[in-house]
Participant: 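This is the structure I have questions about; it appears just below.
Order of the sequence lines sets the chain letters (A, B, ...), proteins ahead of strands, with each chain counted from 1.
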There are 4 protein chains.
Amino acid sequence: MAKNDTKNDTAVLRMHCPDQPGIIAVITEFITNNRGNILYLDQYVDRVNRIFYMRVEWDLADFLIPKEKLQEYFHTLYASRYNLTYRLSFTSHRQRMAIFVSKMSHCLYDLLSRYIAGDWAVEIPLIISNHPDLAIVGKQFDIPFEVIPVNRDNKAEMEQREFELLERHGIDFIVLARYMQVLSEDFISRYPNRIINIHHSFLPAFIGAKPYHQAFERGVKLIGATSHYVTSELDAGPIIEQDIVRITHKDTVEDLVKKGRDLEKIVLSRAVEKQIQRKILTYDNKTVVFS
Amino acid sequence: MAKNDTKNDTAVLRMHCPDQPGIIAVITEFITNNRGNILYLDQYVDRVNRIFYMRVEWDLADFLIPKEKLQEYFHTLYASRYNLTYRLSFTSHRQRMAIFVSKMSHCLYDLLSRYIAGDWAVEIPLIISNHPDLAIVGKQFDIPFEVIPVNRDNKAEMEQREFELLERHGIDFIVLARYMQVLSEDFISRYPNRIINIHHSFLPAFIGAKPYHQAFERGVKLIGATSHYVTSELDAGPIIEQDIVRITHKDTVEDLVKKGRDLEKIVLSRAVEKQIQRKILTYDNKTVVFS
Amino acid sequence: MAKNDTKNDTAVLRMHCPDQPGIIAVITEFITNNRGNILYLDQYVDRVNRIFYMRVEWDLADFLIPKEKLQEYFHTLYASRYNLTYRLSFTSHRQRMAIFVSKMSHCLYDLLSRYIAGDWAVEIPLIISNHPDLAIVGKQFDIPFEVIPVNRDNKAEMEQREFELLERHGIDFIVLARYMQVLSEDFISRYPNRIINIHHSFLPAFIGAKPYHQAFERGVKLIGATSHYVTSELDAGPIIEQDIVRITHKDTVEDLVKKGRDLEKIVLSRAVEKQIQRKILTYDNKTVVFS
Amino acid sequence: MAKNDTKNDTAVLRMHCPDQPGIIAVITEFITNNRGNILYLDQYVDRVNRIFYMRVEWDLADFLIPKEKLQEYFHTLYASRYNLTYRLSFTSHRQRMAIFVSKMSHCLYDLLSRYIAGDWAVEIPLIISNHPDLAIVGKQFDIPFEVIPVNRDNKAEMEQREFELLERHGIDFIVLARYMQVLSEDFISRYPNRIINIHHSFLPAFIGAKPYHQAFERGVKLIGATSHYVTSELDAGPIIEQDIVRITHKDTVEDLVKKGRDLEKIVLSRAVEKQIQRKILTYDNKTVVFS
């Protein structure tokens with residue numbers, strides 16, 4: 001991708017600010033007056049907390065402000081005046097995603113089959129695992145697969161190796177595809193709202209280990225899966241997507257595990273897709289997910 | 001409702017027009033410059049057909065343009081310049097809804113129980129039926145229940161009586177709550193996009209009579225219900241809402257009818273609620289339903 | 001229904017026992033050898049705990065064992081030999097159901113509209129409330145509505161009055177239709193697995209008060225409702241039915257409450273229907289719900 | 001698998017017959033009297049057409065009748081006496097499944113990722129395609145991938161090559177994983193109820209070509225997918241499984257295609273799993289799918 005070529009390049013602005021009259025007009029005029037063609041606009045006002053959220057995407061082909069100056073201009077003209085929290089991205093930058101796995105392959109295959117089919121505008125240059133079992137999958141898809149045998153005792157040292165790999169591969173965000181290790185606070189703090197996990201329950205029910213066993217014990221009639229950003233509190237980060245499937249008294253724990261796999265992979269992939277499309281905003285440990 | 005009191009009164013604009021740069025800024029500035037406080041804005045651009053859709057609602061408390069002049073001002077200033085198709089309403093006008101029923105009560109009870117609980121900002125001054133069976137329900141809820149024994153032979157005459165009743169009660173829109181008579185083209189043309197029907201199938205599957213029998217015969221694994229605006233072509237009007245429920249080989253036709261009832265009443269009530277909230281736009285035999 | 005008339009009368013046997021070879025043959029032969037025509041049989045074996053569950057229903061028209069002797073015969077011949085836990089009922093006995101409500105009417109209307117339409121083979125001779133607000137609904141449907149203003153201080157005394165009413169009306173089971181009072185342990189122990197409650201969350205998430213507020217705070221993407229038998233531990237009894245509805249960041253707490261109402265009434269009514277059909281078995285704080 | 005080793009081997013009987021008193025006792029006694037341990041029994045009676053359906057599976061470890069004689073014994077003793085239509089299988093026979101694909105990979109990857117993870121007791125020795133595009137996937141999973149460039153003009157000849165491949169690989173059933181060619185009647189008649197197709201609509205809505213375009217044109221609010229056995233009438237065979245996903249006015253045809261892919265792969269894989277588990281019976285162009 002040539003840096004100054006804006007053909008087919010678009011800018012994506014995700015922002016929130018205190019709600020105020022005319023804010024939507026101010027931003028859309030800034031774009032259209034500078035000959036940006038708005039391709040997508042979605043906004044939402046939280047009336048209770050009086051916060052305005054918006055995602056707007058525009059074509060840069062005829063845009064008058066040079067791409068490399070856009071951040072500066074926007075910041076100077078609007079950010080402090082309207083007290084904006086925002087993030088400006090360019091779709092010409094294909095994000096780079098690393099996948100962390102352990103021994104279960106269903107989420108990994110689901111992610112990679114979308115990737116290889118070209119469904120997603122993303123690069124996946126790296127898979128990291130604490131076990132060698134799924135190295136074969138890396139080979140199948142020709143993606144570097146690094147085994148980092150992290151455990152409780154060597155976590156700091158092993159995570160250091162992980163940071164180096166993530167750095168070297170220019171990773172933008174991380175997907176935990178049924179990765180069975182808890183990340184350190186240090187690790188999490190380096191990738192705020194950039195680590196997506198799949199938890200195999202309908203959070204906040206059945207936090208922690210063995211949620212299908214917990215669900216079976218409780219005798220629920222539906223099981224769920226939840227994709228969320230990882231924060232330092234276990235299974236408590238901002239929820240991106242959830243879904244459920246119906247079960248009956250006939251289902252054993254093994255049946256729940258089996259039915260759950262389909263749920264997990266779809267719920268995780270939906271979240272990853274929204275991340276790739278830059279359609280998620282976070283605020284107050286919640287997400288705004290635009291359609 | 002006092003006509004000139006704008007306390008708690010809001011204006012609702014539903015519009016569509018050819019997509020054009022800055023249209024959202026033009027409309028929102030018109031509102032905010034005249035001291036209207038925007039409470040809700042949702043918009044959507046059909047990129048394929050290049051049409052801009054918007055629903056915006058604003059508080060009239062401090063609005064500078066008198067309510068009774070708003071239509072004229074808006075029309076003069078914007079309608080032809082931007083080639084708008086639009087509809088301007090005031091929430092202080094509680095819409096008046098008539099319900100048509102035959103012999104089945106489940107949709108009728110569902111509508112009335114929401115009405116009497118105060119869930120809906122609507123008036124229901126009239127129930128019309130081609131059978132006397134449900135007159136008792138009218139009595140329970142103290143709503144005039146008129147029996148108009150329409151059939152194929154007397155349709156024109158009976159519909160004339162219906163028009164008079166609808167006129168006399170100032171009816172804004174009509175809900176067919178499992179009403180088992182086909183309306184004439186003349187009738188339908190008097191209430192364009194203002195007659196909501198519930199069809200007991202997942203349209204366009206199983207159009208016409210006895211859809212549950214058709215579904216049973218075909219051996220489907222899900223049954224559905226569809227609420228839609230009535231047009232002159234049977235079961236072919238713009239779809240407002242659909243939902244389904246899972247069935248199995250164990251379900252008889254009677255089971256489908258039973259399971260379908262819950263679906264029908266919920267799917268119909270969801271559509272009626274959107275109608276009451278003025279959140280539906282129609283275009284090209286489809287609906288845009290804002291959330 | 002005359003008590004000795006077995007026309008259209010059927011027997012329903014719900015049972016469980018340690019799994020053992022041939023148990024299904026033993027029971028079905030007992031019925032068919034005595035000229036009972038089996039109308040419905042559903043069975044299930046919990047392979048992990050080795051328990052056999054069955055529900056079998058048969059026509060009594062030509063059955064050789066007199067109805068009033070059936071319990072004794074069955075008990076003598078099979079109960080101890082096969083270590084059965086069982087319950088024998090006759091569908092000619094229309095169960096009598098009491099509804100407890102507080103101030104919200106949506107579940108009450110949903111139950112009564114099914115009742116009055118004749119969808120359910122049940123009698124509803126009594127509504128009890130701790131508030132007078134919904135007395136009007138009792139009047140609409142011509143069902144005795146008793147106000148028992150129970151609170152923390154007078155609970156024992158007020159429950160005594162409730163017992164008398166339940167006794168006098170010959171109540172078989174109780175439905176808490178958004179009843180906002182906690183029943184005493186004494187009360188619960190008198191109606192084991194015969195009090196059905198609707199909790200407005202996807203249990204075990206959001207136990208206790210204000211589940212929609214809790215759901216909003218946590219930022220979930222689905223909300224749920226759960227119908228369950230009441231036990232002495234709050235919201236922890238055997239789950240009968242659950243369902244969910246999708247929400248988004250746009251939904252306020254009030255929207256959750258509104259969307260939840262439809263869920264609550266449907267999930268409660270599904271459980272009540274299974275109870276009326278005598279299709280629920282309980283074991284180990286779980287339910288087996290036959291289709 | 002040694003043929004006479006019955007360790008962990010089970011027999012599966014799927015049958016239907018005219019409903020008659022005691023039929024369930026007859027069959028279960030045959031099994032238990034011969035020391036077969038019943039692991040699973042599910043039965044269902046179609047009361048309208050008076051047909052009894054059953055699937056029973058039992059452990060052969062201590063079974064007194066030799067496995068190779070079982071079919072003969074069962075046939076002689078019961079088949080004509082009770083007018084049974086039945087199918088007897090042994091789980092020690094791992095079924096062999098061929099996959100037909102064209103250019104889209106999502107269903108293929110979903111099937112193969114389950115296969116390679118060992119989720120399914122099946123062999124997949126053959127992939128056939130009318131295009132070379134997905135040969136790479138065959139290579140990734142080390143499965144023979146045969147390109148048979150069938151078209152309208154050469155169908156008879158090309159199908160002959162397919163028959164030879166299917167024969168040589170001992171194929172039991174075929175899965176059309178978004179295979180874009182219509183099979184000849186001759187082909188279909190060779191594999192009755194043994195060819196599973198995925199159609200990308202909620203059948204019987206949108207039969208034939210471009211169902212997502214049809215769905216978009218009609219303005220539906222849900223899209224579906226249907227897996228079914230292939231019969232000579234297009235998209236009209238017995239339905240095995242269906243599911244839907246919600247869409248809105250914001251979704252373009254491309255969005256429907258994208259959302260539909262997840263639906264297609266899950267709905268197809270659920271059907272294939274039931275086929276592998278031998279849990280499907282067909283009758284009258286419908287399926288009985290046991291849980």
Side-chain angles (χ1 to χ4, degrees), chain A residues 8 10 13 16-64 78 82 221-222 243-248 250 259 277 279 288-291, chain B residues 8 10 13 16-64 78 82 221-222 243-248 250 259 277 279 288-291:
Chain A
N8 295 319
T10 67
L13 172 69
H16 64 258
C17 64
D19 190 28
Q20 48 206 295
I23 180 72
I24 195 169
V26 166
I27 306 292
T28 57
E29 281 197 319
F30 164 73
I31 297 167
T32 53
N33 286 350
N34 288 293
R35 297 206 196 141
N37 179 23
I38 293 178
L39 298 173
Y40 171 104
L41 181 150
D42 209 345
Q43 52 79 51
Y44 152 70
V45 180
D46 176 342
R47 300 280 162 208
V48 178
N49 299 305
R50 305 197 143 273
I51 299 162
F52 173 83
Y53 296 86
M54 186 164 69
R55 180 188 184 279
V56 55
E57 181 173 351
W58 67 97
D59 193 334
L60 293 173
D62 301 319
F63 199 56
L64 297 177
Y78 303 105
Y82 295 100
K221 299 299 184 187
L222 307 168
D243 213 341
I244 57 94
V245 70
R246 193 163 280 276
I247 59 168
T248 77
K250 295 187 184 177
K259 289 190 172 183
Q277 295 171 337
K279 290 203 168 173
V288 170
V289 181
F290 287 119
S291 60
Chain B
N8 295 318
T10 69
L13 172 69
H16 64 258
C17 64
D19 190 28
Q20 47 206 298
I23 180 70
I24 195 169
V26 166
I27 305 292
T28 57
E29 281 196 320
F30 164 72
I31 296 167
T32 53
N33 285 350
N34 289 293
R35 298 206 195 140
N37 180 23
I38 293 179
L39 298 173
Y40 171 104
L41 182 152
D42 209 346
Q43 52 79 51
Y44 152 71
V45 180
D46 176 344
R47 301 281 162 207
V48 177
N49 299 305
R50 304 197 143 273
I51 298 163
F52 173 82
Y53 297 87
M54 185 164 69
R55 182 187 183 279
V56 57
E57 182 172 349
W58 67 96
D59 194 333
L60 292 173
D62 301 319
F63 199 56
L64 296 176
Y78 303 104
Y82 294 99
K221 300 298 185 187
L222 307 169
D243 212 340
I244 58 94
V245 70
R246 193 163 280 275
I247 59 168
T248 77
K250 295 187 184 177
K259 289 189 173 184
Q277 295 171 336
K279 291 202 168 173
V288 170
V289 181
F290 287 120
S291 59

Participant: Output the option from A/T28, A/V26, A/I27 having the highest count of non-hydrogen pairs under 4.5 Å with chain B.
Facilitator: A/T28

Participant: Fit a plane to each ring of A/Y53 and A/H16, take the angle between them on a 0 to 90° scale, and name the class: parallel (under 30°), tilted (30 to 60°) or perpendicular (over 60°).
Facilitator: tilted

Participant: Under a 4.5 Å heavy-atom cutoff, which of B/T32, B/D19, B/I31 has the most pairs with chain A?
Facilitator: B/T32

Participant: Pair A/D42, A/K279 - check salt bridge (charged side-chain N to carboxylate O under 4.0 Å, His left out), show working.
Facilitator: CA-CA 10 Å; A/D42 209 345; A/K279 290 203 168 173; over 6 Å; no

Participant: Checking B/N37 against B/D62 for the side-chain contact (heavy atoms from CB on, under 4.5 Å) test, could you report, in this order, the C-alpha distance in whole Å, the side-chain angles of both residues, the deciding distance, and whether it holds?
Facilitator: CA-CA 8 Å; B/N37 180 23; B/D62 301 319; over 6 Å; no

Participant: Counting only heavy atoms closer than 4.5 Å, note whether A/N33 contacts chain B via side chain, backbone, both or neither.
Facilitator: neither

Participant: Heavy-atom pairs under 4.5 Å with chain A: which of B/I24, B/L41, B/V45 has the most?
Facilitator: B/L41

Participant: Mark yes or no for whether B/D46, through its side chain, and B/V48, through its backbone, hold a donor-acceptor pair below 3.5 Å.
Facilitator: yes

